[in-house]
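Input: a single structure, listed below in structure tokens.
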Amino acid sequence: SNQRFSLDYGGRAGAQSRWKIEYRYELDDRDDLDYGDAFSSYSAHRHSFGAGWAYASGQWRASLRADYRYSRYLDDNLFTDGSAVERQDHRYKMSLRGSWLFTSSWALTAEYSYTDNDSNIDSFDYDRQVMMLGIGWQF
């Protein structure tokens, strides 16, 4: 089962930009508990906070977004040595996107995002950077 609750609030910041703040709670129970030699829980309580800003003027579009998510997993992770740990993660994410509409139908877009997931279990601890450049067509 998965239950979600979200709340957001936003508005205009001048004639050409908008902003939004968000809170989200998730209870994700995948019924994944399985005792064996090793086990990783993917069922978690999650609290997420986010903020975003978007700007549009003429042929230009830009957006900036920042997110924080805290996850506490329902079941302990079991390791082959017999030890057990309750997994907790802190995830930070930031993204920046820009677009140039060079005709009424075509746009050139660039996006960069950075994610840092800090976990108390090393195998779930990671940093990720994604860079994207694309051309889009809208009819």
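Only heavy atoms go into these numbers, but all of them, side chains included; no hydrogens, no water, no symmetry mates.
Residues R65 and G50 share a closest heavy-atom pair of NH2-CA, 4.0 Å. Scanning all heavy atoms of the two residues, the minimum distance from D118 to D125 falls at CA-OD1, 2.9 Å. Contact between R91 and N117 at its shortest, heavy atoms only, is CB-OD1, 3.3 Å. In terms of heavy atoms, I121 sits closest to R87 at CD1-CB, 3.7 Å. Scanning both residues, Q88 and Y70, for their nearest heavy atoms gives OE1-OH, 3.1 Å. In this structure, R12 and W19 approach most closely via the heavy-atom pair O-NE1, 3.5 Å.
Under the 3.5 Å distance criterion, with hydrogens and angles disregarded, a donor-acceptor pair is assigned to the side chains of H47 and Y23. Side-chain N/O atoms of Y9 and E22 include no donor and acceptor closer than 3.5 Å. Between the side chains of S105 and Q138, no donor-acceptor pair is found at a separation under 3.5 Å. Between S119 and D89, the side chains place a donor N or O and an acceptor N or O closer than 3.5 Å (distance only, hydrogens not considered). Side-chain polar atoms of R46 and S71 form a donor-acceptor pair below 3.5 angstrom. Under 3.5 Å, the side chains of S95 and S113 contain no donor-acceptor pair of N or O atoms.
Cluster partners of L96 are W53, Y55, L64, M94, Y112, Y114, M131, counting Ile, Leu, Val, Met, Phe, Trp and Tyr whose side-chain heavy atoms approach within less than 4.5 Å, directly or via other members.
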How far apart are the C-alpha atoms of Y25 and F5, what are their side-chain angles, what is the distance that settles it, and do they pass the ring pair (Phe, Tyr, Trp, His ring centres under 6.0 Å) test? CA-CA 5 Å; Y25 172 76; F5 169 79; 8.1 Å; no
Verify side chain to side chain contact (heavy atoms under 4.5 Å, CB included) between R61 and T109, making sure each step is shown before the conclusion. CA-CA 9 Å; R61 308 285 182 269; T109 302; over 6 Å; no
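Counting only heavy atoms from C-beta outward, the side chains of D8 and I21 never approach each other to under 4.5 Å. Looking at D116 and K93, their side chains never come closer than 4.5 Å, going by heavy atoms from C-beta outward. In this structure the side chain of T115 never reaches within 4.5 angstrom of the side chain of Y92, judged on heavy atoms. Looking at heavy atoms from C-beta onward, E26 lies out of side-chain contact with Q3 at the 4.5 angstrom threshold.
With sequence neighbours left out, the side chain to side chain donor-acceptor pair (under 3.5 Å) criterion links S48 to no other residue.
The aromatic rings of W137 and W106 lie tilted to each other, with the angle between the two planes from 30° to 60°.
Side-chain heavy atoms closer than 4.5 Å link hydrophobic residues (I, L, V, M, F, W, Y) into clusters, and following such links, possibly through other members, connects F102 to W60. No chain of hydrophobic side-chain contacts below 4.5 Å, direct or via other Ile, Leu, Val, Met, Phe, Trp or Tyr residues, connects L101 to F139. Side-chain heavy atoms closer than 4.5 Å link hydrophobic residues (I, L, V, M, F, W, Y) into clusters, and following such links, possibly through other members, connects L133 to W100.
Side-chain N or O atoms of S83 include none that pairs as donor or acceptor with a backbone N or O of F79 at under 3.5 Å.
One distance of note links CZ of R72 with CG of N120; it measures 12.0 Å at 0.5 Å rounding. In this structure, D28 CG and S43 OG are separated by 5.5 Å, a value rounded to the nearest 0.5 Å. Between the CG atom of L74 and the CG atom of L27 there is a distance of 6.0 Å, given to the nearest 0.5 Å.
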